[in-house]
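Notes for the one structure printed next.
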Amino acid sequence: MHDTLPAEMHLWHTLEDTVRGVFSSYGFEEIRIPVVEKSEVFARAIGNATDVVEKEMYSFEDRNGEMLSLRPEGTAGVVRAVLQNNLLYAAPLRLWYMGPMFRRERPQKGRTRQFQQVGAEVFGAAGPDIDAELQVICQRIWQALGLNGLRLEVNSLGTSQERARYRHDLHAFLSAHKDALDADSLRRLDRNPLRILDSKNSEVQKLLQDAPVLTDYLAEESRNYFAGFRALLDSYGIAYHVNPRLVRGLDYYCHAVFEWISDDLGAQGTVCAGGRYDGLVEIQGGRPWPGVGFAMGQERLIELMRTQAEPVREAPQVYLIMAGEGTTERGLKLAEMLRDDIPGLKIQSNLGGGSFKSQFKRADRSGATLALVLGEDELKMGHATVKHLRDETGQEQVAIDDLVSWLSEWLNS
Ligand code: ATP
Ligand code: MG
């Protein structure tokens, strides 16, 4: 679990502001749900035989004996909240969320035990138009963040009946080739053989080249659904690759599933993953509402922004230096007035006193572009000295009464 330090906070803010703006432009509403839920909320939704529930959840017994878990993902809790608060009366419902998730997995590059996800969940829309719109939303977010090289992989998981028949045949095939399976795959063989499809082991991947393919098990309705999804992606001009081995780690998916992947992140290159989960609301105790959604890993996006996007810094624009009799009182009031009158102005006041010299040092370290200096002489004359800290423009005197218009003009130049 990592700290997010002030120096990288501007990246987080840019990401958060961007997704907030894009979601709202598509009519999505934000939902915030607790970090802790009853363990059964996740066990039921995600499935007991998944890695997440089997070995990655942080669970503990409450004082009254109830089992609780830190949320490993957002979808199960959002479904719980939607049902509990009767939000489906307004279906179709388009929701998004953002927040920390917890999974006890082996820490490695791009994989931590606390991480942030941005997610979208849509209930009551049968698709495939909404499934395609989710990809447009993703693409718009990548563009707004200045990210390049993200590719979309899609697959169809069909219905649970189709998957059951496939699972049976895949299990038979893999059981006949047990000697080529690693320990991880052997563990999954009986409980969740589809998960073996996205094994990272090259021996296993070689074996899978001859394994039965899920696509061959889809009946006409599922094939039409998937064709409709792909046709919409084409008409939006979104490039994609059909990966027949793309399965999702969670049990609840059906029909269209997808991942957005970057090759610039090493082994953990998936920045967004999701799909359709038509059975999930029913599993959680509601009527069978269709559902579809995705989750983005924010740390992985931040990593891409760090390397690909233009750097910006959230330093103050103005550092207020005050030295001499009466200057602090006058200066702090002035700063409040400037914040009132110039929306968005970032001004940091020097607190704790100090000589001009030491205050200028702090101004420099703050990253501010402009120092606003108020000494006893300035107070007497009714002006402030503005000094440009990052270039050779030098300094000038500005009447205190003119500061609002001077600073506004400077900000816009
Ligand atoms: P994987 O097969 O890589 O374990 P997953 O199926 O567990 O993926 P999801 O549950 O779909 O992943 O999560 C969606 C996204 O959240 C991932 O694509 C990734 O970007 C991010 N994510 C998931 N787990 C972690 C983690 N432990 N650390 C950082 N980001 C994560
Ligand atoms: Mg995982």
Side-chain angles (χ1 to χ4, degrees), residues 1-4 8 12 15 19 42-43 45-47 49-58 69-79 96-121 134-135 137-138 141-142 145 147 150-155 157 184-185 187-188 192 194-201 204-205 243 245-254 256-277 280 291-306:
M1 299 185 184
H2 291 280
D3 302 309
T4 306
E8 59 180 291
W12 287 85
L15 173 56
V19 298
F42 304 114
I46 303 173
T50 56
D51 283 354
V52 170
V53 171
E54 205 171 63
K55 45 176 199 161
E56 294 176 0
M57 278 209 304
Y58 284 97
S69 299
L70 295 184
R71 61 182 186 196
E73 53 101 60
T75 306
V78 169
V79 172
W96 74 276
Y97 62 84
M98 173 159 59
M101 308 295 162
F102 305 84
R103 296 183 194 177
R104 196 176 193 294
E105 33 195 354
R106 190 170 68 78
Q108 52 197 286
K109 186 172 186 289
R111 216 182 261 297
T112 52
R113 291 179 169 182
Q114 173 172 344
F115 57 98
Q116 288 268 137
Q117 280 184 337
V118 166
E121 317 288 355
L134 291 178
Q135 313 315 313
I137 289 176
C138 289
I141 291 173
W142 315 147
L145 294 174
L147 301 183
L150 286 162
R151 55 192 166 80
L152 175 62
E153 292 201 349
V154 300
N155 191 21
L157 296 185
D184 226 21
S185 301
R187 198 173 48 77
R188 288 167 168 169
N192 201 349
L194 263 67
R195 268 306 252 165
I196 298 178
L197 294 180
D198 67 6
S199 164
K200 309 275 187 297
N201 184 313
V204 177
Q205 278 304 330
N243 173 1
R245 281 198 241 294
L246 177 70
V247 288
R248 304 284 313 118
L250 316 180
D251 265 358
Y252 49 57
Y253 289 103
C254 62
V257 292
F258 52 85
E259 289 193 6
W260 286 88
I261 302 163
S262 165
D263 293 324
D264 299 340
L265 290 172
Q268 314 304 332
T270 302
V271 297
C272 175
R276 180 157 282 279
Y277 47 77
L280 182 60
V292 59
F294 63 66
M296 297 176 180
Q298 284 179 254
E299 284 78 2
R300 295 185 193 177
L301 289 172
I302 295 286
E303 185 57 30
L304 282 182
M305 289 167 71
R306 213 193 308 276

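Atoms considered below: every heavy atom in the structure, side chains included; atoms not considered: hydrogens, waters and symmetry mates. Atoms within each ligand, like the ligands themselves, are counted from 1 in listed order.
Partners of E299 by side chain to side chain contact (heavy atoms under 4.5 Å, CB included), not counting sequence neighbours, listed by chain and number: W12, F115, Q116. R245 meets the salt bridge (Lys or Arg N to Asp or Glu O under 4.0 Å) test with no other residue; sequence neighbours excluded.
When only interatomic distances are considered, the shortest N/O to N/O separation between E299 and ligand 1 does not fall below 3.5 Å.
Nearest-heavy-atom check against atom 7 (O) of ligand 1 across R103, R113, Q116, Q268 picks out R103. Considering only non-hydrogen atoms, atom 23 (C) of ligand 1 lies nearest to F115 out of Y253, F115, W260. Of the listed residues (R195, E105, R111), the one carrying the non-hydrogen atom nearest atom 4 (O) of ligand 1 is R111. Of the listed options G74, G110, G297, G110 places a heavy atom closest to atom 29 (C) of ligand 1. Atom 28 (N) of ligand 1 has its nearest heavy-atom neighbour, among V257, T112, L265, in T112.
Of the heavy atoms in M101, none comes closer than 4.0 Å to ligand 1.
There is no side-chain donor-acceptor pair under 3.5 Å between W96 and E121. Using modelled atom types, one finds a donor on one side chain and an acceptor on the other under 3.5 Å when comparing Q108 with Q268.
In summary, the atoms of ligand 1 found under 4.0 Å from a heavy atom of R300, numbered by their order in the structure, are 19 (C), 20 (O), 30 (N), 31 (C). Close contacts of ligand 1 with V271, meaning ligand atoms under 4.0 Å from a residue heavy atom, involve 20 (O).
Between D184 and K200 there is no salt bridge, since none of the side-chain N atoms of the basic residue sits less than 4.0 Å from a carboxylate O of the acidic one.
Contact between M296 and W142 at its shortest, heavy atoms only, is CE-CH2, 3.7 Å.
Between M98 and Q298, some side-chain heavy-atom pair lies under the 4.5 Å cut-off.
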